[in-house]
Each structure stands twice: as structure tokens, then as C-alpha cells.
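Just so you know, these numbers use all the heavy atoms, side chains as well, and skip hydrogens, waters and symmetry mates.
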Amino acid sequence: MNTTYLYLLVFAILVGSTDIEVNIVALYPSGSTNVVMLFGTIALSYGVIVSILLGLAGMKALLIALFYQHLKYEPRSLSSWVLIGLVMASLLMSLVFIQLHVH
Amino acid sequence: MSQEVIPARIRKWLYTTNHKEIGILYIITSLFFFVAAGLLALTIRSQLSVPDNHLLGPDLYNQFVTVHGLLMIFWVLSPFAFGFANYIIPLQIGARDLAFPRLNAMSYWFYLFSGVAMMMSFFFGGAPDLGWTLYSPQTSFRFTPTIGLNLGAAGLILIVVSITMSSVNFLVTMFKMRAPGMKLKHMPVFPWAILVTIFMMLYAFPSFLAALLLLYVDRAFGTFYFSSIQGGALLWDNVFWFFGHPEVYIVLFPAIGLIADAISTFTRRPLYGSKYIIGSMIAAAVISFIVWGHHMFITGIGLTSTKLYTVTTIAVSLPFDVMVIAMIETMVKARVRLKAAALFSLGAVALFVIGGITGVYLASVALDHALRGTYFVVAHFHYIMVGASIMGLIAGLYYWFPKMTGRMYNEGLAKIHFVASFIGFNILYFPMFLLLDMPRRIATYAPNTGWASLNLMSTVGGFIFGLAQILLFINLFASLRRGAVSGPNPWEAWTLEWSLPSPPPAHDFDTIPTIAEDGTYHFGNSPGYPNGSGYPNGSKVGNGIGYSHLEGQSPWPVVVAFAAFIFFLGITIGQPSNPNVPVTFQPFWPLVLDGAILGVIALYGYSRERFSIHEEANVESWPFREVPNVKLGIWTFLGAEVIFFGVLIGAYFFVRTNSATWPAVGSLFEVRSGFAMTLVLLTSSLTAIMALVSAKVGSRNGLMASLLATFGLGVSFLYIKATEWISLGTHGVFSVANGLPATSYFITTGVHGVHVFAGMLMTLYLLVNALKGRYLKGDYHAIEHFGLYWHFVDIVWVFLFPLFYLI
């Protein structure tokens, strides 16, 4: 695929997923756990909503890193380097959060 | 600045970018701080020598204790080790300099000015006086309304910047610039120790930087991160010790590395189990990040956490056992040459064992409850910090002095120095183990406590130890002029630096050496080296690569650092906004402006300066053979940024989950506004990548248009952000000091906004150069590097948007 088209496609996905994020919140009545979907209402806990939003954010970050920062095309050593660093950082941060939460 | 204004001898040191000269600057400066911190320590000991003493009042005593700790930990131990690393590591791995020489110089100057800021704090209403841990909420401006603490925080921020720059530089150098044949497994233990240390620094220091930033905004703007009743003090504890415990190993590992290499040299044996020593360092480094809670056993962190930290704290002691056993095994049945460097190494190992074992006691919750905050802990960590680290680094000073100066020191005097230091040290610190019922950080004590005799003994030991260090300085100064000529390899050592003349020439190697397949290199006056080559076992000297000229000087590193110093002086030495209710303070804006203007000029000069860095071909650069040095450096820097923002976001989570109520979605922020900013930044990422595409195909117009669009979108983002801030302020919804929702929002998005602003300045710079026709076809790397940064800033916002606007 032409790289310009690829970049535009990634951009479209990024914008689209941002739109989904906003709509999830718009459809999520304040103080309720029900999300109004086209086909009806589904009950989602606040934690699930937060997880979906952060999951979408993670996906967007991954797309930017892979395609705009070119990690997908870099030597495996560099992409592994970044990945290992991120995994370790995430583990450490998770531990901090767990520690804080347990408290 | 013309030659007439600054004499050549001074200019040489001000402008140098040579790794050896910068190494010497680091060592001399850290020794200066060592003396300063040591004098503070002697004064503290004098105060405690007898009961009811009034040599120092409580306030001054607290300041002395705090600054002594901060100076020793941040301005002595690590910089001393990195002085050696600067000088020695390029020589040991067969490189001619560090990857980024000017950045290296800038690191040094940031370090120097950071220390000046810390020392100045004494003259601005009193230095920091809360202990080196700077526990909250005492650090809030309400409780400590002194400019001195601001200056101390500024000094710490500057030194963290210095350390981050150094970390990136050393990491790229060691991965990308090793001599042909010098595989990672062939590196001596000292470079390995520095490599592991750097990884720890890259994870630990951004966390500390984030904590300092939050502390600063708490003090400057009256925010509530660390003074909130929703666990603000505990937040500081967590963030500080997440950095603080690894910091202990950060200051320890370089000493262990050089001790291991020195023991190998003075026993004339390969280091026993060197792979296991290195593996143990890596294991200890990883575990060190999950032990911080043992510093918080008495804060009520919960039983589960307590159990976890007990286990991990005991576990972290095991790798150190391996290191010590390997060193002892190296010496078994060896004929150890007891030179001063060897004596200090052996002494350091012995003291480290005592310090280590007493540390394991503190992993026990029950014992920790009893011993926490007593002189037992003081003794324990001084056996590590001084006994192992300082003694080890002094071993390094004796070990490499001949290489750095070409002169031998006086061996007899050095041995007296060791005996006096070792005896003085133990008289100083061992009694503190017995003072396990005496609280730390008390300025004096009553006669009936029973602590007087042990304290007096400790003080006598302190003076013996302190006075012994005078012998070191006399010896080194005298030997500089009158010492016997050392020759290239007085210790018959095996590592690569000893193959060079003492001191080595500016460019280090006439030709880059090639290392044998088995990684061995014997040379100098060791028996068995081949005729004249200096490299036996099939290794060769020379591969026809000419050396680049490495005596290049640059005025900009010192100017950039000075500008940062002025800027931070300006934002820290202002006056309280309201002297009657000292909750916040006003920066001294003229100085802030001066620093900012000078900084912009200096950075522009830095970027415009013709300073070429010659990258050797055919070097050993696994695993990053195909990754350019600058790109690896930027990715490493971005890794540090991930931790920095991770801590800011973590702090947001903390304050949010600890708050009983939090404004509902859409009640404070317009989701539309956040959505618009997200779209703007995502679009700017697209234009940034299109700039790279245009540059690669040589389209000047495309490049200009894309950069211009990126700049315009950056402006739009900041405009929307500013509008939102002003609107929130005007409507009185909240101000920065108006509760935790406001605090976390303004600070986190504000720091991100500063990153956007910095990116826009870069875009502007690129635009100016693109106008002149640069960056086209093969010259696109600057655009690519800018993109890496800009996309990262975009990624951060991708997370901030849902966190602040949607949940």
C-alpha cells in the first residue's frame, strides 16, 4: 500500500476511535450503568466503561507508535527495546497502582 | 566570547567536550562537594558529641543534616562514579568519546549549577531542613515558607536533568560505539555496572523529577498534591521511595563494578563468575523497583503490601550475596598485591557485608517497627553509602590516578590513608548500631539517656575519618608534580584503557583496536603479549580507521546550563505572595525572563554550531547495528518521558481514587473542547508524518506546507487549551489551588502543554531551515527525529483526553 494512503487510513482509524470514545460517554447517562445502544440498552459497570476507554486510548497509542513513529518498520532490536521498556514501565506503574489501591 | 575575554586555560575547561576532561571536572567537583558535605557531617558529629550541646541550634542542625544527605547522595556518590565513567568507559570499550560530546558537557554544567543552587539555599532564609527524604506535608509552603527549600528543589530538578542527559549519552555510547570484537559479554564489569546503573536511572529519576515538579507547583501555586488530606503525604512517600530505593543501588553499583575489576587486577586472576556478578546486578536492579514499600512499613500500607515488600526485600539481598562470594572466590589462594587500590577494595567489600546484613534486619516488619528512625538505620546505610560506595570510589581514584595523570601516587601514604580511614570509619559508625534506641535527626539529647559515650566515640571516629581524607588530597596533589612516571600499565591490568599512554592522547586511540574473538586482551608489560602489537591472542591493532579530531570546543553547553540556572533561580527566589499568609510565592519574573531569553539564544547557538561527530564504521553495536545513534538516544529519552508522565498520571489516579467525590463527566470540562483538541493533535501527527514523506521524496513545498500545518495545529491546540483555562478561571469553576480536580487537571495538562510548546519551537526551527532548502532527500533525519517527539506528545494526549474529559 502507498505509504500516504496508509497514513491516511491510520488517521481515519484514530479519528474514528476518538469518535467512538466520545459517543460511549455521550450515550452513557450520568449516574447510570446503562449504555443506550442502537439495538437497546446494555448494562455496563463504570469500571468496564473506563477499561474500554483506556483500551481504545492504548490502541490509538499503539497505532501512532507503529505507523507514525515507524516502530513497525524499525529493526526488531529497536521495537523490542521500546516494547520491553514499555512493558516494564507498565508493570512498575501497575504495581504502584495496586499498592495505592490496596492501601 | 572572544579569546581576549576568557584566558585560554580557563576557556579550555569551560568549553571542553572531551570525555576525559569532563571526567576530571566531574571528579574534582564531586570531591569539592565531598569536602563540603563532610564538613557538615563533622559539625553534626561535634554537635552530638556531648549531651545538651548548643553548638548548633535545632534549625541549623536540621539544615546541616538535610544538606549533608542530599549533597552526598546526589552531588558526590553518583557524579564521582560518573567522573570515572566519563574518563574510563570510552577507553575500556575502545571508543574515542561519548556519542554526544556536547550533551556530555552540558550534563556536567547542569550538575555544577545544580550544586551551586543547593549550596546557595543556605543564604536564602535557610537550606532544606526536612531530611533528604523531604517528607510531605512539611514541604508545603504553608509549613516551610523558606526560599531555601525552593532553591534546593531547583537544584534537584537541575541535577535530574543532568543525570537524564548523561544516561542517554552513556547508553548510546556503550551500545553503539564498542571497538570491533568488543561484544557486550567482553565488556569489563565496570562498564556493565554503569550500564545497569543507567537503566535504573532511566526508570527511577523521571519518577523523582515528576515528584519534584509536583512539589514545586504545590509550593509555587498552592496546589494540593502532597498536602491534601486524601493521602497526599502517602503519595509523596510512594513516589519518592519508588525512586529512593533504586537510588541506593544507583550509587552502589559503579563502586561494585570497579571493585570487581580492581580485585581481578590485583589478584592477577580473571574475575570468578563475572557473568554471575553481572547477572546479579541485573536481578538486583529489577527487584530494587519492587521493594520501596519497606520504607513505609510504619505508614499503615496494609498487610498484603507488607508481606510482599518483606519477601522482595529479602530477595534483593540474594544477588548481592552472589557478588560478594564471587569476589571472595577470586581471592582464594591468590597472591593479592596489597596496593592502596586493592586495600580500599577489600575494605569496601568487608564493610558492604556488614551494611548488607544489617539491611536484611529491616526487611522484618517487627524489627523495622523497632529500628525505624533510629541510629541503627543510620549505621546501616552509612556502611553501604560510605563503607562500600565511597571506599570503593576512593579505590577507583587510586586505581586510575596513574592513568589519568601519568604519575604514581605515594603508596606508603596511601596505605596510611586506608588504615586511618578504615579504623576511623568503624569507630564512627559501629557505635551507631548500638545506639538502636536513639532517634535520628534529634539535635541534642539529655545526659541521662546513656547515649553520650557512644556518641563521643562516634565523633572521635568521624574526625579520624575526616582528617584521614586530608592525606588523600595531599598525596594526590603532591604526586601530580613529583610522583614517579607511571607508564601505560603500572598494575599489569587487563582492560583496554591500560593499552594507552598515561595520560591518553585527546583522541584516545590512534587506531581503533580490534578485540580477539575470545575477548581477551593482554598488553603493556604483562608477560605473553606479542611483539610490539600490544594485543595478543590473535587480536590486532589498527584497522586503517583514521581518528577524528576530538579537541573540539563548544561554548554553548555551559551557556545553556547557565541559562537554566538563571531561569530556575528566577522561579524559586521570589517572595511569598502574601507574607501574612504564606501559602504561595511569586517568582522573580525579571530573572525568569533573563534565563528564558538566554536559554533560547543558547539553544539556537547550540543548534547552529558546526560540531561534527564522527561515527566510526565497523564498530560493535549489537543489538542496535542498524539504528542510528541519535535515533536510539531519542527513543531512550522518550522512555524516560514515559515514566515521567506515568507518574503524573499515577498521581492523578491516586488523588482521584482517594477523593470521596469527583465532578461528574461534562460538569466542569466541555467534552467538545477536549474532542476538538484531540482532533487537532491527531491531525498534527498526520501533517508531521507527511512532512517526513515530503522530505524523503525531496518535495520542498510539501515539506514547508506540512511543517507549517503542524505549527498551525500546535498553535490551535494551545489556543483552545488557553481558552478553556481562562474560561474555567473566569467562571470561578476552579482555580489551580481550588481542590484536587483542579490541581491534577491544570498540572497534568499544563505539563503536556509545555511539551506541545517545545515541539512548536522545534517546528519553527525546522521551518526556518527548510526555507533554506534543507532536509530534502537523504537529509531528512532531523524531520524524522522531530516526528518521534511530536507523535509521543500526541500519544500522551491520547491518554489524557479520556482520563480528564470522559471518565
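Comparing B:L638, B:L803, B:L806 by how many heavy-atom pairs each has under 4.5 Å with chain A, the most go to B:L806.
At distances below 3.5 Å, not a single donor-acceptor pair connects side-chain atoms of B:E626 with backbone N or O atoms of A:P75.
Looking at B:L632 and A:W81, their side chains come closer than 4.5 Å, going by heavy atoms from C-beta outward. Contact annotation: the side chain of B:W635 approaches that of A:L71 to within less than 4.5 Å [non-hydrogen atoms, C-beta and beyond]. Looking only at side-chain heavy atoms (C-beta outward), A:K60 and B:T678 come within less than 4.5 Å of each other. Under the 4.5 Å side-chain criterion, counting only non-hydrogen atoms from C-beta, A:L56 is not in contact with B:P802. A 4.5 Å side-chain heavy-atom check between A:E74 and B:K631 finds at least one atom pair inside the cut-off. In this structure, B:I689 and A:F11 have side chains that are not in contact, with every pair of non-hydrogen atoms separated by 4.5 Å or more.
Of all heavy-atom pairs spanning B:F799 and A:A61, the tightest one is CE1-CB, 3.7 Å. Taking every heavy atom of both residues into account, B:V798 and A:A57 meet most closely at CG1-O, 3.3 Å.
Separating the CD1 atom in B:I795 from the CG atom in A:L63 is a distance of 10.0 Å, to the nearest 0.5 Å. Once rounded to the nearest 0.5 Å, the distance linking CZ of B:R625 with CG of A:L78 reads 14.5 Å. To the nearest 0.5 angstrom, A:L14 atom CG is 7.5 Å from B:D794 atom CG.
With a threshold of 4.5 angstrom between heavy atoms, B:S685 approaches chain A through its backbone and through its side chain. Only the side chain of B:F801 comes within less than 4.5 Å of a heavy atom of chain A; its backbone N, CA, C and O stay farther away. In this structure, the portions of A:L54 lying under 4.5 Å from any heavy atom of chain B include both its backbone and its side chain. For chain B, the nearby parts of A:V15 are the backbone and the side chain; heavy atoms of each come within less than 4.5 Å. Interface remark: A:Y7 contributes backbone and side-chain atoms alike to the contact with chain B (heavy atom separation under 4.5 Å).
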Checklist entry - B:L682 and A:I64: side chain to side chain contact (heavy atoms under 4.5 Å, CB included), yes or no, with the steps? => result CA-CA 9 Å; B:L682 289 177; A:I64 294 170; 4.2 Å; yes
Item to check | ring pair (Phe, Tyr, Trp, His ring centres under 6.0 Å) evaluation trace for A:Y68 with B:W790 | outcome: CA-CA 10 Å; A:Y68 286 176; B:W790 189 257; over 10 Å; no
Item to check | Evaluation steps, side chain to side chain contact (heavy atoms under 4.5 Å, CB included), between A:D19 and B:F675 | outcome: CA-CA 8 Å; A:D19 196 47; B:F675 184 52; 3.9 Å; yes
Checklist entry - Between A:H70 and B:L788, is a side chain to side chain contact (heavy atoms under 4.5 Å, CB included) present by the stated rule, with each step listed? => result CA-CA 9 Å; A:H70 285 174; B:L788 291 178; over 6 Å; no
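Residues of residues 199-210 of chain B that come within less than 4.5 angstrom of chain A, heavy atom to heavy atom, are B:F199, B:Y203 in numerical order.
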